Amino acid sequence: MNASIQARRAALAAAAMLAISGAAQAQATDTVALAEPSAAASPVTFNAAITSDYRYRGISQTRLQPALQGGLDYVHATGWYVGAWASTVKFAKDAGGDGDVEVDLYAGKRGELTPGLTYDVGVLRYLYPDNGLGQVAGFVNANTTEVYAQLGYGPAYIKYSHATTNLFGFVDSEGSGYLDIGANLDAGHGVTVLLHAGRQRVDNNPAADYTDWKIGASRSFALATVAVAYVGTNADKSAYASPRNGKFTGRDALQLTLSRTF
């Protein structure tokens, strides 16, 4: 395999993950804010969703096609939480590996530093069973661990995620980071406006660095929450196009998601 093909495939590996609806961190808004449990509320919640395109940090994980997703969360009254989340994916196969599922496991603590100023810190493990990328030239195993810290004030937040392992199959990428800023604004009549911008840095793989953004809206109905968003990136097309079918997984697109928490 020549160097240019290796670079292209390596970039695609990150494209696969490159969300927090995912892992309760990769769903509708690319960041999760679990409500503080009340005395009457159950500490365990479940979620399920179908989306027209699983986007993580602006990059499609499903070759621009739909995905099924679901998970569960346990939140203690003290603010400690653990959870698991899963989604169908296609990125490992596009990169020459295998596997159809992403499973995210996470734990952390959230609370309030001062009135109105919240925090959320934790660790997140992304698992891709049987992804096989460790046997593909130019890749390492796609399984990834990140630690994260978030501050929030009112509807706005800023979050940083730091990879303590190689990032989503990139060789020698430990220490990569993702900065996420955004806001979830109450527009009235049950509508929430979703705003997000992020910057992905992939250590020792500068061609894979990029910025992503999203603007959308969600509304809860009796049976489900509906979210519509316009998602875009400035990712390098030569790096984030599938070597198997040529699809650019970072292109601008509309995304529709139906979800339910119970």
Side-chain angles (χ1 to χ4, degrees), residues 17 19-49 54 56-57 69-87 101-128 143-165 167 174-186 190 192-198 214 218-220 222 224-225 227 257 259-262:
M17 273 302 315
I20 161 171
S21 244
Q25 307 226 27
Q27 279 176 346
T29 64
D30 288 351
T31 194
V32 165
L34 298 178
E36 292 295 328
S38 66
S42 169
V44 179
T45 59
F46 300 86
N47 62 82
Y54 172 22
Y56 189 68
R57 298 176 182 173
Q69 304 172 333
L72 61 89
D73 295 284
Y74 172 84
V75 184
H76 192 267
T78 59
W80 289 98
Y81 62 87
V82 295
W85 184 87
S87 178
V101 178
E102 170 192 340
V103 178
D104 299 341
L105 305 175
Y106 49 94
K109 188 178 189 302
R110 59 172 55 89
E112 194 172 54
L113 294 172
T114 62
L117 181 63
T118 62
Y119 71 90
D120 184 357
V121 295
V123 60
L124 172 59
R125 178 67 170 168
Y126 306 83
L127 299 171
Y128 303 93
N143 295 343
T144 299
T145 299
E146 289 185 328
V147 293
Y148 57 86
Q150 175 176 306
L151 289 175
Y153 188 79
Y157 68 88
I158 181 169
K159 177 181 179 181
Y160 178 71
S161 300
H162 184 82
T164 61
T165 64
L167 184 75
E174 181 179 349
S176 298
Y178 183 73
L179 181 64
D180 174 8
I181 60 174
N184 302 317
L185 306 172
D186 184 358
T192 300
V193 175
L194 312 172
L195 304 175
H196 154 80
K214 176 169 70 175
S218 68
R219 191 180 191 283
S220 294
T225 296
T257 302
S259 63
R260 180 176 174 83
T261 299
F262 49 93

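Only this structure's heavy atoms are used, side chains among them; waters, hydrogens and symmetry mates stay out. It should be emphasised that the depicted structure is a prediction, and the values quoted were computed from it without experimental measurement.
Among V103, N143, D104, the one residue that satisfies the side chain to side chain contact (heavy atoms under 4.5 Å, CB included) test with R125 is N143.
Atom-to-atom distance recorded for Y160:OH and Q150:CD is 15.0 Å, nearest 0.5 angstrom. Rounded to the nearest 0.5 angstrom, Y126 OH and Y106 OH are separated by 11.5 Å. Note that the NE2 atom of H76 and the OH atom of Y81 stand 15.5 Å from one another [nearest 0.5 Å]. To the nearest 0.5 Å, the span separating OG1 on T145 from CG on L124 amounts to 8.0 Å. In this structure, H196 NE2 and N184 CG are separated by 11.0 Å, a value rounded to the nearest 0.5 Å.
Nearest approach of Y119 to K109, heavy atoms of both residues: OH-NZ, 2.9 Å. Taking each heavy atom of R110 and D120 in turn, the nearest pair found is NH2-OD2, 2.9 Å. Residues L72 and N47 share a closest heavy-atom pair of N-ND2, 4.0 Å. Scanning all heavy atoms of the two residues, the minimum distance from E146 to S161 falls at OE1-CB, 3.6 Å.
Under a 3.5 Å cut-off, the side chain of D73 and the backbone N or O of T45 do not form any donor-acceptor pair.
Judged by distance alone, the side chains of D180 and Y157 do bring a donor and an acceptor atom under 3.5 Å apart. In this structure, a donor-acceptor pair under 3.5 Å is absent between the side chains of Y178 and K159. Under the 3.5 Å distance criterion, with hydrogens and angles disregarded, a donor-acceptor pair is assigned to the side chains of E102 and Y54.
A 6.0 Å sphere centred on CD1 of I181 holds no more than 12 heavy atoms belonging to other residues, nucleotides or ligands.
Between L179 and I158, some side-chain heavy-atom pair lies under the 4.5 Å cut-off.
For S218, the side-chain contact (heavy atoms from CB on, under 4.5 Å) partners two or more places apart in sequence, or in a different chain, are T192, L194, T225, A227. Looking at residues two or more places apart in sequence or on another chain, you find a side-chain hydrogen bond (donor to acceptor under 3.5 Å, both in side chains) between S87 and Q69.
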